[in-house]
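Both counts, for ligands and for their atoms, begin at 1 and track the order of listing.
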Amino acid sequence: MNKQAVVAHILRDCFKVPKYRQGTAFAPANIALCKYWGKRDLELNLPTTSSLSISLGSFGAKTTLYLQEGASHDVVFVNGKEVKAESTFVQNLVAFLDLFRPSPFSFFQIETEVNIPIGAGLASSACGFAAVVGALNQLYGWQLSMSNLSILARLGSGSAARSFWHGFVEWNCGVEKNGMDSFGVSLCEKWPNLRIGLLIFNAAQKPISSRIAMQNTVLTSPFYKLWPEKQACDLNRLREAIQSQNFIVLGETAESNALAMHALMLTANPAFFYSEPQTIAAQHKIWHHRRLGLPLFFTQDAGPNLKLLFLEQDSEAIEEIFPELEIIAPFSTHEMHPEGASS
Ligand code: PMV
């Protein structure tokens with residue numbers, strides 16, 4: 001099954017031409033506490049294991065799409081600046097939009113406002129593709145269900161399947177070949193005093209994409225066969241920690257899951273290490289303060305930056321250790337309903 005067939009199936013009863021002049025949507029970035037690392041289907045971005053994330057409130061992407069009749073190509077603006085057509089970013093987006101054009105001669109103008117660094121392991125592709133799908137849904141007047149929106153966004157980037165909701169989201173790996181059972185589901189639990197701190201050392205584009213690093217790990221790490229079992233166990237522990245609001249179990253499990261993912265990459269051939277010296281120094285600092293009794297944990301994605309997990313009451317102490325920290329309250333009303341957000 002290919003992407004076109006999935007899109008045709010989901011949009012079979014939908015408008016084939018835009019109903020409105022423009023469509024706009026916001027999607028929050030999401031950080032996995034239990035990671036997606038490995039695909040059971042490369043074309044459809046179907047994961048080998050289920051994953052669980054927390055969304056970053058008002059941090060994400062807001063995208064407006066216009067259909068530009070008479071134009072000769074798509075034009076992409078990010079934060080007000082036109083992005084070169086030759087860039088990988090635009091090429092990926094154009095290939096994704098090919099799935100949704102009313103005719104091969106129709107082109108879009110895409111305007112995106114992103115308030116997190118792009119391509120630095122901060123889930124910019126997740127919120128980016130989710131916002132594009134949300135904007136297409138508006139533009140065409142499709143009125144798709146959240147699960148179908150999640151499936152369409154997954155075709156652009158796997159983790160985008162989790163970027164349609166605030167709070168905790170689980171993405172089921174599913175078993176169907178066409179992936180119609182592999183989409184995000186929002187968990188109802190809220191955790192008002194949970195905090196996420198962004199520790200950004202390097203906001204530059206990562207040298208190797210998560211897509212390549214992931215596949216390289218699956219194909220060459222002798223330890224990848226242990227990953228599904230670890231994932232199943234971590235996912236259960238996280239679900240229980242969220243239900244019982246047990247922060248220590250949440251933090252320990254998320255940190256262990258991220259470290260296991262990076263350890264797998266070290267055992268791949270060629271080995272790959274996203275951490276930089278500052279990443280390792282910060283990890284040691286976190287472990288040091290934890291030994292002294294501070295409940296502080298981290299998670300790390302396909303980049304050198306860390307996302308810290310802690311509770312509101314420890315914010316001040318943690319800001320003293322990491323003054324550059326950007327703190328997010330993922331369940332605050334303000335963060336969950338930013339201006340223009342579709343929540
Ligand atoms: O969706 P992708 O292809 O950008 O992969 C995301 C991979 C991780 O961010 C490392 C893990 C995750 O579950 O988000």
Side-chain angles (χ1 to χ4, degrees), residues 3 27-56 59-61 88-89 92-93 95-96 114 116-133 150-165 168-173 179 182-184 196 198 205-218 221 224 227-228 230-231 234-235 238 253-266 268 272-275 279 298-307:
K3 288 181 184 174
N30 76 78
I31 299 298
L33 302 176
C34 186
K35 309 290 184 193
Y36 145 58
W37 200 251
K39 304 180 202 227
R40 66 178 172 91
D41 184 307
L42 281 177
E43 161 82 5
L44 303 181
N45 291 333
L46 291 173
T48 308
T49 60
S50 301
S51 56
L52 191 151
S53 62
I54 173 91
S55 291
L56 295 189
F59 284 79
T88 319
F89 175 80
N92 288 343
L93 190 52
F96 184 67
V114 194
I116 49 166
I118 295 176
L122 282 158
S124 57
S125 70
C127 59
F129 280 105
V132 165
V133 167
S150 170
I151 291 172
L152 291 182
R154 161 170 56 72
L155 302 177
S157 170
S159 51
R162 300 185 307 240
S163 261
F164 285 94
W165 302 267
F168 297 109
V169 179
E170 201 173 314
W171 169 24
N172 295 313
C173 57
S182 183
F183 48 82
I196 297 172
L198 300 184
Q205 192 105 4
K206 55 201 170 211
I208 172 168
S209 71
S210 45
R211 184 180 179 83
I212 291 173
M214 194 184 286
Q215 189 56 6
N216 182 34
T217 310
V218 173
S221 167
Y224 188 76
W227 180 245
K230 161 97 180 136
Q231 285 291 93
D234 286 354
L235 197 56
L238 283 169
T253 312
E255 187 174 300
S256 155
N257 190 267
L259 287 170
M261 179 183 82
H262 287 274
L264 279 181
M265 286 183 239
L266 281 175
F272 195 74
F273 198 39
Y274 279 109
S275 297
T279 319
F298 67 84
T299 182
Q300 182 186 358
D301 290 290
N305 306 304
L306 295 181
K307 292 96 187 185

Ligand 1: protein residues within heavy-atom distance under 4.0 Å: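 If the criterion is a heavy atom under 4.0 Å, then ligand 1 touches A32, K35, Y36, W37, S125, S157, G158, S159, R162, S210, M214, M261, D301, A302.
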Between S275 and Q300, a side-chain donor and acceptor under 3.5 Å: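 Distance-only check passes for S275 and Q300.
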Pair W37, T217: side-chain N/O donor-acceptor within cut-off below 3.5 Å: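 Yes, a side-chain donor-acceptor pair sits under 3.5 Å.
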All side-chain contact (heavy atoms from CB on, under 4.5 Å) counterparts of L266, not counting sequence neighbours: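 So L266 forms a side-chain contact (heavy atoms from CB on, under 4.5 Å) with F273.
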Salt bridge (Lys or Arg N to Asp or Glu O under 4.0 Å) partners of K230, counting only residues at least two apart: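 Testing K230 for salt bridge (Lys or Arg N to Asp or Glu O under 4.0 Å), a comparison that skips the adjacent residues, returns D234.
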Partner residues of S221 under the side-chain hydrogen bond (donor to acceptor under 3.5 Å, both in side chains) criterion, sequence neighbours left out: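 Residues passing side-chain hydrogen bond (donor to acceptor under 3.5 Å, both in side chains) with S221: T267.
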Shortest non-hydrogen contact from R154 toward G179: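 Nearest pair, atom of R154 first, then G179: NH2-O, 2.7 Å.
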